[in-house]
Amino acid sequence: MPEDKNGQPLTGEHSEQERVRRQKRDRLIASGIDPYGEPFPGRESIETLRTRIPALNPLPDNIPVIKSRIAGRIVLLRRFGKAFFATLQDATGRFQVYIRKDHIGEELYDLISENTDIGDHIGVDGTFFLTKTGEPTLDASSVTFLGKSVHPLPEKWHGLTDIEQRYRQRYIDLIVNPQSRDVFLRRARILGFIRHFMESEGFMEVETPMMHPSPGGALARPFVTHHNALDVDLYLRIAPELYLKRLVVGGFDKVFEINRNFRNEGFSPRHNPEFTMMEFYMAYHSPEDLMALTEKLFGRLAMEIHGSTSVPYGDDLLEFSGPFKRISYFDALAQACALSRDNLFREDSLLKLVKKKGLPIPPVRNGKPYTADLQNLLFEEMIEKTLIQPTFVTGYPRAISPLARSSRQDPEITDRFELFVAGVEIANGFMELNDPDEQLRRFMSQLESRNSGDLEAPPPDMDYIRALEIGLPPTAGEGIGIDRLVMLLTGQHSIRDVLLFPQMRPL
RNA sequence: GGGCCGUUAGCUCAGCUGGCAGAGCAGCUGACUCUUAAUCAGCGGGUCCGGAGUUCGAUCCUCCGACGGCCCA
């Protein structure tokens with residue numbers, strides 16, 4: 001049974017306005033009009049109509065005759081006695097129509113005038129003209145009723161501001177809040193641009209499984225589901241990484257995937273349980289190449305969406321013309337913590353600093369906290385949020401990079417970087433570990449963590465080890481958080497504002 | 001998981017110290033054939049998120065719960 005937001009059943013509980021609208025619907029039916037409409041062939045989009053209108057400023061004496069057929073939702077209505085103005089909205093914009101009793105006939109006029117509301121769909125055939133005040137308008141020669149809206153829309157001026165309702169009833173938000181609509185139009189452009197860019201760079205788009213027999217490729221708790229016919233548990237993927245590298249083993253040496261990942265975590269302005277990532281892999285390339293490609297992509301995207309590589313975000317002006325700033329993980333940490341390189345690797349001095357900062361002690365594993373966990377905690381707390389302009393952080397510790405190859409210069413660090421913008425992690429890339437025996441040792445070490453209670457540590461994926469045994473060429477791979485990127489490019493500060501249907505607690 | 005804040009008409013919001021529930025928009029009736037937040041006159045519309053308690057009396061105070069936001073973990 002349908003319910004309102006307080007769990008109350010809706011049947012027979014219509015408001016006065018809904019009852020009135022249903023009565024109007026029934027009157028339309030009684031007059032032989034289908035209140036839910038028929039297809040309306042031959043209409044043009046409002047955007048197309050606008051392109052056909054020549055520049056008419058100042059108002060010319062002889063406007064060329066422009067006839068049009070448009071359809072849309074009535075979003076504004078100004079009634080007079082024997083005529084009214086209605087503003088129609090379709091996917092491409094708004095356009096005013098003028099409906100006069102003496103132009104469409106008394107019978108049709110009375111029927112339409114008395115039974116339409118804001119929110120209804122109508123189709124209009126008419127002739128273009130400019131009003132006294134210069135508003136482009138279609139003078140209706142006939143009106144077709146295309147759909148009754150029996151539930152009133154929010155107020156025309158303030159729109160829908162209740163955040164919860166905007167997320168739960170996005171269809172209303174999209175009708176009445178042009179800013180919201182614009183965010184998603186831009187999101188679609190961003191996605192299209194990225195795909196086109198990657199293809200032009202020689203990448204092949206692939207789709208790998210969303211349901212994994214064993215979760216892997218990241219550190220996160222998975223969602224579990226069950227396949228009945230096989231009678232096995234499956235995990236919604238936390239990352240596509242291990243499958244994409246299998247494809248590189250298979251010979252597709254430049255691949256990318258844009259798709260959803262699922263992580264069984266809480267919500268925040270930057271986290272949704274399902275989110276969109278692009279991961280891509282380039283055989284025979286380096287992390288340097290990844291960073292260069294990332295700079296190129298972000299610069300082009302900023303130009304595409306903003307017409308400039310400078311993008312305003314909150315109080316900041318983000319500069320996406322590369323090259324981006326680079327800092328080393330340990331240099332930055334040593335500086336921010338005012339610790340010597342030696343003390344940076346001593347558990348006691350790290351612990352002292354963590355306690356001094358009032359930070360929670362990370363979970364103890366095998367009797368002792370890892371120095372890498374302490375380092376990472378301090379890095380996250382003291383450095384990440386200060387990285388406003390696009391910044392690559394390089395040289396991540398091996399201990400927190402189980403799929404990355406160790407640096408040839410320093411085996412304690414990996415050839416891995418993360419990109420931060422506006423204090424938020426946007427991308428993560430590295431030289432892939434392609435030594436199967438080393439990868440197996442790392443997996444077994446993660447298994448120990450898992451067995452000692454770390455639910456984010458994945459179990460070993462032995463088929464992935466076999467793929468590495470077949471041979472992964474030297475490969476660089478990167479993941480880019482698409483939702484967060486869209487946030488930056490659309491000026492949004494909550495991930496929920498760039499997701500059409502963010503996850504909400506069911507009512 | 002913790003702290004703070006919020007939930008009142010279809011929507012946006014007021015509501016003082018506990019004393020008959022308010023406005024604007026939307027709706028209804030009437031006037032109006034160039035308005036664009038149309039205008040003018042009149043009218044209707046409420047499970048004050050839910051439950052319990054205190055009180056003569058609760059939208060308001062207390063407790064429990066639901067949902068949401070922000071911050072922290």
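A, B, ... follow the sequence lines: proteins, then strands. Residue 1 opens every chain.
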**Asked** Do R79(A) side-chain atoms and S113(A) backbone N/O form a donor-acceptor pair below 3.5 Å?
**Response** yes

_Integer angstrom distance from the C1' of U54(B) to that of C60(B)_ = 14 Å

Closest of C67(B), C25(B), C70(B) to the P269(A) side chain is C70(B)

pair_partner(C32(B)), Watson-Crick or wobble, both distances < 3.5 Å, evaluates to none

Base, sugar-phosphate or nothing for R79(A)? Non-hydrogen atoms, less than 4.0 Å.
base

Any K156(A) side-chain N or O less than 4.0 Å from OP1/OP2 of A26(B):
yes

Look at all strands and tell whether R505(A) reaches a base, only sugar-phosphate, or nothing, counting heavy atoms closer than 4.0 Å.
sugar-phosphate

Tested for side chain to side chain contact (heavy atoms under 4.5 Å, CB included) against I388(A), the lone hit among L318(A), L317(A), D315(A) is L318(A)

Between CG of L130(A) and P of U35(B) the distance, given in whole Å, is 14 Å

Here the distance between atom P of A38(B) and atom CD of Q96(A), to the nearest Å, is 10 Å

Comparing nearest nucleotides in RNA chain B, the 5'-proximal residue of the pair K24(A), R78(A) is K24(A)

Of U35(B), U33(B), A38(B), the nucleotide closest to the side chain of T131(A) is U35(B)

Looking only at atom P, what distance separates G51(B) and U47(B), rounded to whole Å?
12 Å

**Request:** Decide, yes or no, whether a salt bridge links R221(A) with D454(A) under the criterion of side-chain N to carboxylate O below 4.0 Å.
**Result:** no

Comparing E135(A) with P154(A), nearest RNA chain B nucleotide closer to 5' gives the residue P154(A)

Of the candidates U33(B), C11(B), G69(B), the side chain of E155(A) sits closest to C11(B)

query: On a whole-Å scale, what distance lies between the C1' atoms belonging to G3(B) and A37(B)?
result: 41 Å

H14(A) atom NE2 is separated from C28(B) atom C1', nearest whole Å, by 19 Å

Notebook entry, point to check: For F85(A) and U35(B), is the gap between ring centres under 5.5 Å while the planes differ by less than 30°?
Noted result: yes

Side-chain atoms of L160(A) come closest, of G44(B), U33(B), C11(B), to C11(B)

When both distances are under 3.5 Å in a Watson-Crick or G-U wobble arrangement, the nucleotide paired with A14(B) is none

### Message
For the C1' atoms, the ones on A58(B) and on C16(B), what distance do you get once it is rounded to whole angstrom?
### Response
16 Å

State, with a plain yes or no, whether a side-chain heavy atom of F145(A) is found less than 4.5 Å away from one of I33(A). yes

Notebook entry, point to check: Is it true that Y98(A) and F80(A) have ring centroids separated by less than 6.0 Å?
Noted result: no

Tightest non-hydrogen contact, residues E164(A) and L507(A), listed as OE2-CD2, 4.3 Å

Taking a pair to mean Watson-Crick or G-U wobble geometry with both distances below 3.5 Å, G53(B) pairs with C61(B)

Answer for the Watson-Crick or wobble partner of C43(B), both distances under 3.5 Å, is G27(B)

In whole angstroms, the gap separating P of U33(B) from NZ of K132(A) amounts to 12 Å

Looking at T161(A), does any N or O in its side chain come under 4.0 Å of the phosphate oxygens OP1/OP2 on C13(B)?
-> yes

The nucleotide from U33(B), C70(B), C67(B) with an atom nearest the side chain of R100(A) is U33(B)

Taken to the nearest whole Å, CZ/R21(A) to C1'/G27(B) is 9 Å

On a heavy-atom basis, the closest approach of I400(A) and R416(A) is O-NH1, 3.0 Å

task = Pick the P atom in U39(B) and in U17(B), then give their distance to the nearest Å.
result = 35 Å

Among the nucleotides C13(B), G27(B), C25(B), whichever has the atom closest to the side chain of D117(A) is G27(B)

Winner on side-chain proximity to F129(A), out of U35(B), C34(B), G27(B), is C34(B)

- Item | Separation between the P atoms of G2(B) and C63(B), rounded to whole Å | 16 Å

R270(A) atom CZ is separated from C71(B) atom P, nearest whole Å, by 7 Å

Which of A37(B), A73(B), G68(B) is nearest the side chain of M504(A)? It is G68(B)

The Watson-Crick or G-U wobble partner of G1(B), with both key distances under 3.5 Å, is C72(B)

When both distances are under 3.5 Å in a Watson-Crick or G-U wobble arrangement, the nucleotide paired with G6(B) is C67(B)

Whole-Å distance, D120(A) CG to G10(B) P, equals 19 Å

In whole angstroms, the gap separating C1' of A38(B) from NZ of K82(A) amounts to 18 Å

A38(B) -> Watson-Crick or G-U wobble partner, both distances under 3.5 Å, gives none

Picking from A73(B), U33(B), G44(B), the nucleotide nearest the side-chain atoms of E16(A) would be G44(B)

Determine, for F501(A) and R170(A), whether the Lys NZ or Arg CZ falls below 6.0 Å from the six-membered ring centre while staying within 45 degrees of the axis. no

Which of C28(B), G10(B), U33(B) is nearest the side chain of Q17(A)? It is G10(B)

* To do: Assign G266(A) to base, sugar-phosphate, or nothing according to its heavy-atom contacts below 4.0 angstrom with the strands shown.
  => nothing

Between A21(B) and A14(B) - C1' atom distance, rounded Å
11 Å

